[in-house]
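Heads up: the structure comes next, in structure tokens.
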Amino acid sequence: MASVSHYCLLVLVFLDSHAAQPSCLPGCTCSEDSFGRALQCMSTSLGMIPRKLPEELKRLRIENSPLFELPQGSFINMSTLEYLWLNFNNITVIHLGALEHLSELKELRLEGNKLRSVPWTAFQATPLLRVLDLKHNRIDMLPELALQFLVNLTYLDLSSNRLTVVSKGVFSNWLAYQKPHQPGCGARTHSSLVLALHDNPWLCDCRLRGLVQFVKSNSIPVILVNSYLVCQHPLSKAGQLFHETELSVCMKPQISTSNASVTIQMGQNVTLRCLAQASPSPTIVWTYPLSMWREFDVLTSSTAEDTALSELVIPAAHLVDRGNYTCVASNSIGRSTLVISLQVQPAQTLSVPHSAFFPSDGNAYVDLRVVKQTVHGILLEWFAVVDTPEEKWFTLYIASDETLKKEVVHIGPGINTYAVDDLLPSTKYEACLSLGGQPPRRGRCVVFVTGRDHGELEGRERLLHITVVLCAVLLAVPVGAYVWAAQAPCSCREWGLHCCPHRRKAPRCPRAVPQHRDCSYREHIAVCEDRLGHRDDEEDEEKDGEEDRG
């Protein structure tokens, strides 16, 4: 009888203890052995770390799931967790407080995720961490203090990431972060740090010099899993092993030029040169006062390793191009500048008397552009420089291909914008600007073509938008571009006929209204592309007849 009672008591104790244990998550496997309780979830639909887990859990493994982030407090009920494996998920972000409450964690594996960066200060919550596996991610940067809270680390895998440059101090100072057990007892003895850095796109320039020297020295306490690290960039060192590479010391750009003061005649071509030596290779840009209006070609070439030559090409220099041109070379170490002075002398011409009312514009610079479209038309803007003491005034000529008559508008000093309204549909226009009352000169004109008329305001707004973006022949024409257009295989008129069929309507000149300067500037890229259906001539004639009857 006593034995039966004892047996029943054992059964009750077992049932009671079994009922107290929570059931395992659906699709997961729960187990318990001498290492403690474990939860394994393979190829499940878990989108976040589960909240209700077995008590005193030691091991957690979640793989091949749609898990994409580790938010703050993800492991708030897992203070006993020692092994955390989250391989081959879609984790892209680890928040700063994600590892809180994991004070007993010894191993963290995040292989095969999509991490671009790691919050290294988050490891302050995991002082006992020994194994950190981050291979096959997208990490492209390793801060100098990345290992400061990983004092017990024995294995770090950063292979197959996107690291290009890493300071040797990240690893050489690893011992300095470790503290003794007790004050006055001296440094604690540690095993070496096993490190994996292979299969990264290393950029072998001066910035990697420290790490290359560190790898060559085989310094303890770091042991490389694969010591054959290979350079991928620059091309001159691609494929070289770290042990075979000699890298120079980093230095800020040093700039020089063969001629810091250049004098030419107006109309001549000139090339300004700037030679920069730097490590790593420098980036060179040019600045000058009229860079917004006068754009020149810049040719940059590499004459030797860590040496670049930049050439600014000015074709047919004008008096307006006089001034200082600054060459700016910069790299990750610093920045240097060099100023080249350009003097342009007026061309020698015969003396010809001019009227005081019509000043000569032989040395004038005029740049006319279409800078904006409006609901009813376009906005012209110009930039002009004239070597005369008088205040400059202009004459604007506007004509269409419907008539030989030109609209002539005189514009006083201080105005550099003009709005042209009530443009005819399916019409080619030409706008030219000259100084004073001089006739228009070649290279100071812009040509554009309007699209079809839709009849209503909404349609007209759409018409002008399509016209400016899709059907304009030349919208932003620099000096000399009109000559190019006239010499092109397809003339402006032919482009206009192809894109926008002319409507049979009585020609009239556009109405022009002067505007104050609009500081906003937008230059459109024009492409001739007919996206509007052509109307038949019969339809046009019918509408013209209705207008005549009205």
Side-chain angles (χ1 to χ4, degrees), residues 10-119 122-139 150 152-161 196:
L10 290 177
V11 171
L12 290 174
V13 171
F14 173 78
L15 292 175
D16 182 68
S17 61
H18 183 73
Q21 294 184 14
S23 59
C24 198
L25 294 174
C28 300
T29 303
C30 294
S31 63
E32 184 172 0
D33 54 23
S34 58
F35 293 100
R37 293 177 179 174
L39 174 65
Q40 179 174 294
C41 301
M42 307 293 289
S43 302
T44 62
S45 58
L46 288 176
M48 60 181 297
I49 302 297
R51 293 296 184 183
K52 295 182 179 180
L53 296 174
E55 295 179 359
E56 298 183 356
L57 189 67
K58 296 291 186 179
R59 291 174 293 168
L60 175 61
R61 183 176 183 180
I62 302 176
E63 295 185 1
N64 297 306
S65 74
L67 189 66
F68 69 92
E69 70 172 338
L70 297 180
Q72 185 174 359
S74 295
F75 307 97
I76 192 170
N77 296 321
M78 305 183 199
S79 58
T80 59
L81 196 65
E82 296 182 4
Y83 300 90
L84 178 58
W85 291 5
L86 300 173
N87 300 321
F88 308 110
N89 296 299
N90 293 299
I91 301 174
T92 59
V93 178
I94 299 177
H95 293 269
L96 189 60
L99 303 180
E100 291 178 352
H101 310 288
L102 293 179
S103 57
E104 300 296 321
L105 191 65
K106 298 178 181 178
E107 185 172 311
L108 174 60
R109 296 187 181 271
L110 292 162
E111 176 186 356
N113 283 279
K114 299 177 181 178
L115 291 170
R116 295 184 179 273
S117 61
V118 176
F123 293 111
Q124 191 171 8
T126 60
L128 302 182
L129 192 65
R130 295 182 176 275
V131 175
L132 179 57
D133 186 354
L134 296 168
K135 61 176 172 284
H136 289 289
N137 276 276
R138 302 173 182 179
I139 300 170
L150 294 168
N152 289 305
L153 202 63
T154 59
Y155 179 81
L156 175 61
D157 196 336
L158 290 165
S159 62
S160 300
N161 275 276

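Going from atom CG of L150 over to atom CZ of R130 covers 12.0 Å, rounded to the nearest 0.5 Å. Remark: N64 CG to S45 OG distance equals 13.0 Å, nearest 0.5 Å. The distance from the CG atom of L81 to the NE2 atom of H101 is 13.0 Å, given to the nearest 0.5 Å. The line from CZ of R138 to OG of S117 is 12.5 Å long, rounded to the nearest 0.5 Å. The NZ atom of K135 lies 6.0 Å from the CZ atom of R109; values are rounded to the nearest 0.5 Å. Rounding to the nearest 0.5 Å gives a distance of 10.5 Å between CG of N137 and CZ of R116.
In this structure a side-chain-to-backbone donor-acceptor pair under 3.5 Å is present from N152 to P127. Between the side chain of T80 and the backbone N or O of L57, at least one donor-acceptor pair lies under 3.5 Å. N113 places a side-chain N or O within donor-acceptor distance of the main-chain N or O of L86, the cut-off being under 3.5 Å. Formation of a donor-acceptor pair under 3.5 Å by the N161 side chain with backbone atoms of L134 is found in this model. Formation of a donor-acceptor pair under 3.5 Å by the R37 side chain with backbone atoms of C30 is not found in this model. Under a 3.5 Å cut-off, the side chain of N90 and the backbone N or O of T92 do not form any donor-acceptor pair. The closest donor-acceptor contact from the side chain of N89 to the backbone of P66 lies at 3.5 Å or more, if one exists at all.
Side-chain contact between T29 and C24 is absent, with no heavy-atom pair separated by less than 4.5 Å. Within the 4.5 Å cutoff, no side-chain heavy atoms of Q40 are placed close to those of E63. Using a 4.5 Å heavy-atom cutoff, the side chains of I62 and P50 are in contact.
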**Prompt:** I49 and M78: side-chain contact (heavy atoms from CB on, under 4.5 Å), yes or no, with the steps?
**Reply:** CA-CA 11 Å; I49 302 297; M78 305 183 199; 3.6 Å; yes
**Request:** Might you work through the side-chain contact (heavy atoms from CB on, under 4.5 Å) test for L132 and F123, ending with a clear yes or no?
**Result:** CA-CA 10 Å; L132 179 57; F123 293 111; 3.8 Å; yes
**Prompt:** Are L108 and T126 close enough, and set up right, to give a side-chain contact (heavy atoms from CB on, under 4.5 Å), and what steps lead you there?
**Reply:** CA-CA 10 Å; L108 174 60; T126 60; over 6 Å; no
**Request:** Step by step, work out the side-chain contact (heavy atoms from CB on, under 4.5 Å) result for R51 and I76.
**Result:** CA-CA 8 Å; R51 293 296 184 183; I76 192 170; 3.8 Å; yes
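The minimum heavy-atom distance linking C28 with T44 is given by the pair SG-CG2, 4.4 Å. L105 and Y83 make their closest contact through CD1-N, 3.9 Å (heavy atoms, listed as atom of the first residue, atom of the second, distance). The shortest heavy-atom contact between D157 and Y155 is OD2-OH, 2.9 Å. Contact detail for G36 and R59: the closest heavy-atom pair is O-NH2, 3.6 Å. Closest approach of L110 to I94, counting heavy atoms only: CD1-CD1, 3.8 Å.
Under 4.0 Å is where a charged nitrogen must lie from a carboxylate oxygen, and between D33 and K58 no such pair does.
Side-chain atoms of W85 and E107 include a donor-acceptor pair closer than 3.5 Å.
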